[in-house]
Amino acid sequence: MTTTTTISQHDFYGDGDSETSISIIENLKEEYGLFVWPCSVILAEYVWQHRSRFRDSSILELGAGTSLPGLVAAKVGANVTLTDDASKPEVLDNMRRVCELNKLNCNVMGLTWGVWDAPIFDLQPNIILGADVLYDSSAFDDLFATVSFLLQSSPDAVFITTYHNRSGHHLIEFLMVKWGLKCVKLLDGFSFLPSYKASLLSGNIQLVEIVLSSKNYEL
């Protein structure tokens, strides 16, 4: 029987001798959450390029799947909690294996959007990450309810997400208004991506930073 599991390597380069690498265990057949999607590559690169902002921060990744952005944050010195749907133990187990593979100490926990289990009340992140979490419109309200709750628990926090702009930014804007949130930064995901990575990806991907509407936020 041919295995569909593979290990992909993701390299990040900076000025001088600054560089790092993350290895990801992928399963190309089993589950959406076990594959590195383009939005993850772009968000991970954003974390790397702004690594001084993430260093020593408390980071929570929602719908982490293969967890590339969160692992980069951990690599640059953040305190990282990786989460995915509590009903997908195979994804959570893979997250733990990937942490071990990269010798990174991250907290891994099940967190289902819109479900108020006890662990969510203890989370107070500075930065919330989400790569390609806006793919299923039926889950948008649960996602934004969860994000809104977390931001209210940590009023100085920000939600940074990358998504395929399939139906325009209008739906995202509607949901932000509905849940008391506002956009403070909107970027073309390819605008900061190194050309050698951009050439391997396709799609109209945007990166947005979101905070509470009541927050006077300065980047």
Side-chain angles (χ1 to χ4, degrees), residues 4-29 31-57 59-78 80 82 94-95 98-99 101-104 106 126-135 158-173 183-210 218-219:
T4 55
T5 299
T6 185
I7 295 179
S8 58
Q9 182 169 313
H10 303 264
D11 299 318
F12 300 87
Y13 301 101
D15 297 330
D17 296 329
S18 178
E19 64 179 75
T20 196
S21 180
I22 298 289
S23 298
I24 298 291
I25 303 169
E26 298 186 73
N27 190 310
L28 308 184
K29 186 177 181 181
E31 171 69 56
Y32 287 129
L34 298 179
F35 182 75
V36 178
W37 297 97
C39 285
S40 291
V41 174
I42 290 173
L43 185 55
E45 183 67 33
Y46 187 76
V47 171
W48 170 250
Q49 291 185 18
H50 296 83
R51 51 195 176 275
S52 62
R53 177 183 179 188
F54 288 83
R55 190 173 297 120
D56 298 323
S57 292
I59 308 295
L60 174 69
E61 185 172 2
L62 296 175
T66 50
S67 311
L68 183 58
L71 293 171
V72 173
K75 199 84 167 185
V76 302
V80 177
L82 303 171
N94 192 67
M95 290 157 67
V98 170
C99 289
L101 178 64
N102 291 280
K103 297 180 171 59
L104 292 170
C106 300
N126 304 119
I127 301 173
I128 305 163
L129 298 175
D132 211 9
V133 290
L134 294 162
Y135 64 90
V158 58
F159 174 46
I160 308 175
T161 183
T162 47
Y163 64 95
H164 283 276
N165 191 17
R166 300 180 178 94
S167 55
H169 191 63
H170 306 296
L171 179 57
I172 310 301
E173 291 175 334
C183 170
V184 292
K185 192 172 192 178
L186 179 64
L187 294 175
D188 176 350
F190 288 89
S191 65
F192 54 86
L193 199 64
S195 58
Y196 74 94
K197 290 187 178 182
S199 66
L200 302 174
L201 306 178
S202 62
N204 178 10
I205 298 174
Q206 293 185 314
L207 179 144
V208 64
E209 297 200 12
I210 294 171
E218 294 182 6
L219 292 172

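Atom set for the values below is all heavy atoms of this structure, side chains included, hydrogens, waters and symmetry mates excluded.
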Check your understanding: Looking at CG of Asp132 and OH of Tyr163, how far apart are the two atoms once the value is rounded to the nearest 0.5 Å?
Key -> 11.5 Å

Practice item. Only pairs at least two apart or in different chains count here, so list each salt bridge (Lys or Arg N to Asp or Glu O under 4.0 Å) that has a residue in residues 38-49. Key: Glu45-Lys197

Point to revise | Parallel, tilted or perpendicular: rings of Tyr46 and His50 (30°, 60°) | key: tilted

Practice item. Apply side-chain hydrogen bond (donor to acceptor under 3.5 Å, both in side chains) to Ser21 and list each qualifying residue two or more places apart in sequence or on a separate chain. Key: Gln9, Asp11

Review point. Which atom pair, heavy atoms only, marks the closest approach of Leu71 to Cys99?
Key: CD2-SG, 4.0 Å

Practice item. Apply side chain to side chain contact (heavy atoms under 4.5 Å, CB included) to the pair Val133 and Tyr135, showing each step before the final yes or no. Key: CA-CA 6 Å; Val133 290; Tyr135 64 90; 5.5 Å; no

Practice item. Answer whether the closest heavy-atom distance between the side chains of Phe12 and Val47 falls below 4.5 Å. Key: no

**Study point:** Any Val80 side-chain heavy atom under 4.5 Å of Leu104 side chain
**Key:** no

Check your understanding: How far apart are the closest heavy atoms of Val98 and Thr66, and which atoms are they?
Key -> CG1-O, 4.3 Å

Point to revise | Which atom of Gly14 lies closest to which atom of Arg51, heavy atoms considered | key: CA-NH2, 3.9 Å

Review point. When Pro69 is tested against each of Ile42, Ile160, Leu129, Ile22 for side chain to side chain contact (heavy atoms under 4.5 Å, CB included), which residue passes?
Key: Leu129

Exercise for review: Begin with the C-alpha distance, continue with both residues' side-chain angles, and end with the deciding distance and a verdict on side chain to side chain contact (heavy atoms under 4.5 Å, CB included) for Asn94 and Asn27.
Suggested key: CA-CA 9 Å; Asn94 192 67; Asn27 190 310; over 6 Å; no

Revision key, fill the gap. Rounded to the nearest 0.5 angstrom, the CD1-OG distance for Ile24 and Ser8 is 6.0 Å

Study note, to complete from the structure: Scanning both residues in full, the closest heavy-atom pair of Leu82 with Cys106 reads CD1-CB, 4.0 Å

**Study point:** Contact summary for Gly65 and Met95, nearest pair of heavy atoms
**Key:** O-CG, 3.0 Å

Point to revise | Student check: side-chain heavy atoms of Cys183 and Glu173 closer than 4.5 Å | key: no

Review point. Hey, what do you get for CG (Leu201) to OG (Ser40), rounding to the nearest 0.5 Å?
Key: 10.5 Å

Study note, to complete from the structure: The reported gap from CG in Asp188 to CG in Leu193 (rounded to nearest 0.5 angstrom) is 9.5 Å

Point to revise | Spacing of Leu186 atom CG and Ile210 atom CD1 [to the nearest 0.5 Å] | key: 9.5 Å

Exercise for review: Without swapping roles, check the side chain of Glu26 against the backbone of Val36 for a donor-acceptor pair under 3.5 Å.
Suggested key: yes

Revision key, fill the gap. Contacts of Ser57 meeting side-chain hydrogen bond (donor to acceptor under 3.5 Å, both in side chains) (sequence neighbours excluded), chain-then-number -> none

Check your understanding: Between Ala78 and Phe54, which heavy-atom pair has the shortest distance, and what is it?
Key -> CB-O, 3.4 Å

Check your understanding: Nearest 0.5 Å, what's the CD1-OG1 distance between Ile172 and Thr161?
Key -> 8.0 Å

